[in-house]
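Take a look at the structure below.
Counting starts at 1 for both ligands and their atoms, in listed order.
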Amino acid sequence: MIQLPGKTAVGISPGKLIITGEHAVVYGQPAIAIPFPLVKVTAQIEAYTKGIWLESKFYEGPISKVPEKLLGIAACIKETLKKLENPQAELLIRIDSTIPLGRGLGSSAAIASALVKALFNYFGYNWKDQELMELVHLAEVFAHGNPSGIDMNAVTNSNPIIFQKKQPVKTLQVGGSFHFVIADTGRIGDTHAAVGSIKEKFDQNSRETYQSLLQLGSITRTSEIALQKGDIKSLGNAMNSAQIELQRLGVSDQGIDQLVQASMSLGAIGAKLTGAGRGGCIIALAENTHQATMIADSLFTKFNCTTWQHAIHKSN
Ligand code: MEV
């Protein structure tokens with residue numbers, strides 16, 4: 001049995017942004033995601049004397065009484081403790097998150113990942129990536145039903161990734177600087193429902209739906225090359241094409257379209273929803289930092305929405 005060191009331990013996980021390929025990735029197509037460290041989850045663990053006590057913005061109390069939406073997190077904690085051969089451990093677990101919930105920024109994967117890392121650290125366990133993934137996946141299944149795995153891979157990676165189901169995750173070598181603006185519609189999207197709505201569409205009209213999903217896969221391949229070459233225009237065009245397919249699939253909505261159109265009118269090179277859609281955030285590509293700041297400020301002024309600016313640069 002691993003010994004309890006009797007100290008506090010921390011696990012941190014960033015959010016994530018999907019550049020292109022969301023939804024299609026569930027159907028085996030590739031997608032590109034990057035970690036988004038401007039928002040993050042911090043989990044902190046210390047010894048306790050009355051079972052496992054959770055402290056977070058959404059819930060405070062014993063793990064045995066968590067609300068339904070935290071059942072995946074509870075299962076993930078129990079399974080991690082089992083793995084650590086300490087199923088009876090008594091712990092105080094604090095979760096602090098700056099990732100807004102249900103906005104396509106990977107909050108559920110980041111919470112699970114930060115928690116598992118904190119538990120591993122607490123018990124001094126030297127984990128392998130695969131072990132972390134298996135435990136986070138457990139929580140993701142509760143949260144999303146049929147997750148492709150892109151979210152958990154993006155929040156546990158420090159580089160842009162290209163992800164395709166049943167394939168090894170690839171790190172994407174970026175050939176230049178890309179400046180993104182992220183804007184939040186302020187509405188919570190339900191990933192489970194959005195993924196389900198496409199499944200329903202697929203069952204009703206498989207040919208047309210499959211065509212859109214294939215098209216999204218091919219857009220991701222174009223995006224991959226654009227990122228590798230540092231070609232901003234080509235990535236912007238790919239993002240715009242992706243948004244058209246996501247609209248066809250029915251996962252964009254008025255609020256998202258409004259932010260996308262406003263970003264384009266302000267000079268963005270491309271803009272689309274990011275994550276599952278039907279609420280949540282958009283991601284727009286700007287020419288440079290100066291333009292990104294102008295777009296972010298203007299969106300904030302016009303829509304009173306939260307915005308972030310995030311850039312990725314040429315890989316070493
Ligand atoms: C959610 O961030 C991305 C989706 O493609 C769902 C998934 O891949 O599990 C919509």
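- By the 30° and 60° cut-offs, the orientation of the rings of His313 relative to His179 is perpendicular.
- Of the protein's non-hydrogen atoms, Ser148 OG, 2.5 Å is the one closest to atom 8 (O) of ligand 1.
- Those atoms of ligand 1 that come under 4.0 Å of a heavy atom in Glu22, given as number and element, are 5 (O).
- Counting only N and O atoms by type, the side chains of Gln215 and Gln211 include no donor and acceptor under 3.5 Å apart.
- In Lys16, the part holding a heavy atom less than 4.0 Å from any atom of ligand 1 is the side chain.
- The aromatic rings of Phe202 and Tyr210 lie perpendicular to each other, with more than 60° between the two planes, well past the 30° mark.
- With rounding to the nearest 0.5 angstrom, the OH atom of Tyr122 is 8.0 Å from the CD1 atom of Ile45.
- At under 3.5 Å, not a single nitrogen or oxygen of Asn146, backbone or side chain, sits near a nitrogen or oxygen of ligand 1.
- Between the OG1 atom in Thr307 and the CD1 atom in Ile282 there is a gap of 10.0 Å [rounded to 0.5 Å].
- Arg103 pairs in a side chain to side chain donor-acceptor pair (under 3.5 Å) with only one of the listed residues (Asp184, Thr185, Thr274, Thr306), which is Asp184.
- For Gln44 and Thr8, the side-chain atoms include no donor-acceptor pair closer than 3.5 Å.
- Contact atoms of ligand 1 toward Ala276: 10 (C) (distance under 4.0 Å to a heavy atom of the residue).
- Residue contact check: Ile150 has heavy atoms under 4.0 Å from atoms 8 (O) of ligand 1.
- Of all the atoms in ligand 1, the ones that sit under 4.0 Å from a non-hydrogen atom of Val25 are 5 (O), 8 (O).
- The protein atom (non-hydrogen) at minimum distance from atom 3 (C) of ligand 1 is Ile18 CD1, 3.7 Å.
- Near Val26, with a cut-off below 4.0 Å to any heavy atom, the atoms of ligand 1 are 5 (O), 6 (C), 7 (C), 8 (O).
- Looking only at protein heavy atoms, the nearest one to atom 4 (C) of ligand 1 is His23 N, 3.9 Å.
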